[in-house]
Amino acid sequence: MKLPVLNSSYSQINNLLYKSYLPKIINSAIETGLFDALSGKSLSLDEVAKELNSDAHITDALLQILVAIDFVKKQDDCYSLTVLSEEYLVSNSVVNQLRAVKMFSKSANPFDDLTQALKGNIKRFDSKLWVSEQAVLAMEQSAKAGEIQAAVSFVKSIPGFHEATKMCDFAGSTGYYSFALLQENTSLHSHVYDLPEICALARKLKYEEEGCDRITYHDFDSSGIGSFGGGYDVFFISRFLYECRADRSLLTFLKKVNNSMKPGGLFISSHISSSCANKESCLTLVIAELMTRSKGYPTYMLPVETLKGALKGAGFGEFTTPQPDEDIAFPAQLLSAKKVKDVE
C-alpha cells in the first residue's frame with residue numbers, strides 16, 4: 001500500500017476529541033470531593049487518596065490531568081488548587097459553577113438531535129425549560145461567574161445612575177441583577193417583570209435576601225408585550241431581545257420601553273456578544289448559537305449595531321458600548337443609551 005504524504009497534522013483533531021472527555025473527568029473529581037479536599041490545603045498524593053478513600057494509582061492520573069489544565073498545581077510533590085478551581089469548583093464557594101459542570105457531563109448531549117435539525121426536523125422550543133426552580137437557580141449561579149460583576153461595574157459608572165429611584169428589570173428572572181444594583185444605589189427601587197411562574201419562584205426564593213423590600217415582582221406574559229409600568233429612571237434588560245430581533249418586533253418593543261421611561265432615562269442592556277477577539281471564545285459562541293438554533297430558539301446573537309439602530313429609531317441616543325469582557329464564559333456586550341425624545 002502506497003501511503004500519501006500528509007500535509008497537515010491529525011493531532012489537532014485528536015486533541016480536540018480528547019478534550020471532549022474533560023467535563024466528565026472534572027465532574028468525577030467534583031463528585032469524589034477532590035476540590036473540596038484540596039481547598040486551602042497542600043496535600044501529597046497519598047494524603048489526597050486517603051482523604052478521598054480513593055485508589056492512589058488512578059488518583060495520580062487524575063491529578064496529572066488537572067495539573068495539565070491548570071485546575072491544580074504541583075509543588076514539592078504536593079498538590080493544591082489554583083485560584084480558578086478555588087473560586088468555581090469548591091462547593092462552599094459563593095460563585096461555584098458545579099451545576100454547569102454537571103450539566104456538561106451528562107450522557108445526553110445537546111446535539112443529539114442535530115442531524116435531524118439539519119434536515120429540517122426542528123423541535124418546537126419549550127420556553128418552560130426556564131421556569132423550574134432548578135433552572136432559575138442555575139441561571140443565577142452562572143451569572144455570578146462574572147456577568148453580574150461586569151454589569152454592575154459598568155452601570156455604576158454611568159452618569160445619572162446614582163440619582164435614579166425607579167428601575168425596570170425586564171425579563172429579570174429572580175431579580176439577581178436588581179439585587180446587585182440596589183447595593184450600589186440605596187435610593188433605588190426595582191420592578192422585576194417576568195413570567196408568572198418565574199415571579200412565583202422569585203417570591204419564594206428571595207423573600208429573605210437583603211434588599212427584597214425594594215423589589216416588586218410583576219407577572220408578565222412576554223408573548224403579548226403589553227404594559228410594564230412607567231416613570232422609570234432606568235430600564236435594564238438582559239438576554240431578552242434576541243427573540244424580538246428574530247421576529248422583527250425589536251423597534252416596536254423599544255418604543256414601548258421609551259414610553260415607560262422618564263425624559264433622560266437610562267436604557268441599559270446586557271447580551272451575549274456577536275463577535276470577539278479570542279479564538280476560543282469565538283468557537284464557544286458559534287457552538288452555543290448552533291445549539292440554540294437546533295433546539296428551536298431563533299438566535300442567541302444580537303449585533304450591537306442592530307440594537308443601536310433600533311434604539312435610535314425608538315428615541316434613544318448618547319450610546320456607550322464598552323469592549324466585551326472575554327474573561328466571562330459568554331462575552332457580554334453591555335450598552336447604555338439615554339432617552340433623548342418621546343416617540344409614538
Side-chain angles (χ1 to χ4, degrees), residues 14-114 129-149 173-174 176 201 204-205 280-281 283-284 287-288 291 295 327-330:
N14 189 62
N15 291 342
L16 189 63
L17 294 173
Y18 268 76
K19 281 183 179 178
S20 72
Y21 295 135
L22 284 174
K24 282 187 179 291
I25 293 169
I26 297 165
N27 192 58
S28 293
I30 291 170
E31 290 185 340
T32 56
L34 186 146
F35 295 106
D36 285 351
L38 285 176
S39 180
K41 302 176 188 174
S42 180
L43 302 176
S44 68
L45 170 61
D46 289 340
E47 288 171 332
V48 173
K50 183 178 180 181
E51 187 87 12
L52 303 182
N53 193 26
S54 61
D55 181 278
H57 187 59
I58 297 176
T59 303
D60 178 47
L62 173 60
L63 285 166
Q64 300 319 308
I65 292 173
L66 297 176
V67 168
I69 60 175
D70 295 323
F71 282 17
V72 168
K73 52 190 176 183
K74 183 180 181 181
Q75 185 175 2
D76 299 328
D77 290 326
C78 285
Y79 298 91
S80 59
L81 298 185
T82 61
V83 174
L84 182 75
S85 296
E86 195 76 61
E87 283 193 325
Y88 300 119
L89 297 176
V90 174
S91 62
N92 65 4
S93 169
V94 175
V95 296
N96 81 70
Q97 297 298 308
L98 303 185
R99 283 192 180 95
V101 176
K102 186 173 184 179
M103 179 186 71
F104 273 88
S105 66
K106 289 180 178 178
S107 296
N109 190 293
F111 292 110
D112 285 342
D113 300 319
L114 178 57
L129 290 172
W130 294 333
V131 302
S132 69
E133 181 171 331
Q134 182 179 2
V136 298
L137 289 174
M139 284 190 288
E140 177 172 351
Q141 194 66 15
S142 175
K144 289 178 180 177
E147 288 180 32
I148 298 175
Q149 292 90 330
S173 187
T174 58
Y176 44 85
L201 285 169
K204 169 189 170 185
L205 296 169
E280 289 199 2
S281 295
L283 177 59
T284 299
I287 290 173
M291 185 191 308
K295 292 298 181 183
D327 287 336
I328 299 172
F330 296 99

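Residue indices begin at 1 and follow the sequence shown.
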Fill in the blank from the handout: Note: T32 and L52 closest approach over all heavy atoms is O-CD2, 3.2 Å
Problem - Backbone of P23 reached by a side-chain donor or acceptor of S105 within 3.5 Å - result: no
Fill in the blank from the handout: Minimal heavy-atom distance between I328 and G146, with the atoms involved, is CD1-O, 3.5 Å
Handout entry: Which atom of L98 lies closest to which atom of Y88, heavy atoms considered
Key = CD2-O, 4.0 Å
Handout entry: Any donor-acceptor pair under 3.5 Å from S42 side chain to S80 backbone
Key = no
Practice task
Mind checking the OG-CG spacing from S85 to L34? Nearest 0.5 Å is all I need.
Solution key: 9.0 Å
Exercise for the section: State whether the side chain of S173 and the backbone N or O of V136 hold a donor-acceptor pair below 3.5 Å, judged by distance alone. Expected result: no
Exercise for the section: Rounded to the nearest 0.5 Å, what's the gap from CG on L205 to OH on Y176? Could you check? Expected result: 12.5 Å
Exercise for the section: Start with the C-alpha distance between I25 and L62, add both sets of side-chain angles, then the distance that settles side chain to side chain contact (heavy atoms under 4.5 Å, CB included), and finish with yes or no. Expected result: CA-CA 8 Å; I25 293 169; L62 173 60; 3.6 Å; yes
Practice task
Give a yes or no on this: more than 12 heavy atoms of other residues, nucleotides or ligands lie within 6.0 Å of atom CZ of F330.
Solution key: no
Handout entry: Backbone of E280 reached by a side-chain donor or acceptor of T284 within 3.5 Å
Key = yes
Exercise for the section: Count the heavy atoms belonging to other residues, nucleotides or ligands that lie under 6.0 Å from CG of N53, then report whether that count exceeds 12. Expected result: no
Exercise for the section: Could you walk me through whether L81 and V72 pass the side chain to side chain contact (heavy atoms under 4.5 Å, CB included) test, one step at a time? Expected result: CA-CA 5 Å; L81 298 185; V72 168; 4.1 Å; yes
Problem - Any donor-acceptor N or O pair under 3.5 Å, side chains D36, S91 - result: yes
Fill in the blank from the handout: Scanning both residues in full, the closest heavy-atom pair of A37 with L43 reads O-CD1, 3.8 Å
Practice task
State, with a plain yes or no, whether a side-chain heavy atom of K144 is found less than 4.5 Å away from one of Q141.
Solution key: yes
Practice task
Could you tell me whether the side chain of V90 reaches within less than 4.5 Å of the side chain of L38, counting heavy atoms only?
Solution key: no
Problem - E140 side chain to L137 backbone, donor-acceptor under 3.5 Å - result: no
Problem - Close side-chain approach of D77 and L45, heavy atoms under 4.5 Å - result: no
Handout entry: Derivation of the side chain to side chain contact (heavy atoms under 4.5 Å, CB included) call for L22 and I65
Key = CA-CA 9 Å; L22 284 174; I65 292 173; 4.0 Å; yes
Exercise for the section: Kindly say whether C78 contributes a backbone atom to a donor-acceptor pair with the side chain of D76 at under 3.5 angstrom? Expected result: no
Practice task
For Q97 and V95, indicate whether the former's side chain and the latter's backbone hold a donor-acceptor pair under 3.5 Å.
Solution key: yes
Handout entry: Atom pair CE (M139) and CD (E147), whose distance is rounded to the nearest 0.5 Å
Key = 11.0 Å
Practice task
Work out which heavy atom in S54 is nearest to a heavy atom in T59; give both atom names and the distance.
Solution key: OG-OG1, 2.7 Å
Practice task
Over all heavy atoms of both residues, which pair between K73 and T82 is shortest? Give the atoms and the distance, please.
Solution key: N-CG2, 4.1 Å
Problem - Point-to-point distance, once rounded to the nearest 0.5 Å, from CG of N15 to NZ of K19 - result: 7.0 Å
Problem - S142 side chain vs A138 backbone, donor-acceptor pair below 3.5 Å - result: no
Handout entry: Side chains of D70 and L84 in contact at under 4.5 Å (non-hydrogen atoms)
Key = no
Handout entry: Matching residue for Y79 among E47, K41, K74 - test: side-chain contact (heavy atoms from CB on, under 4.5 Å)
Key = K74
Handout entry: NZ/NE/NH1/NH2 to OD/OE distance under 4.0 Å, K204 and E133
Key = yes
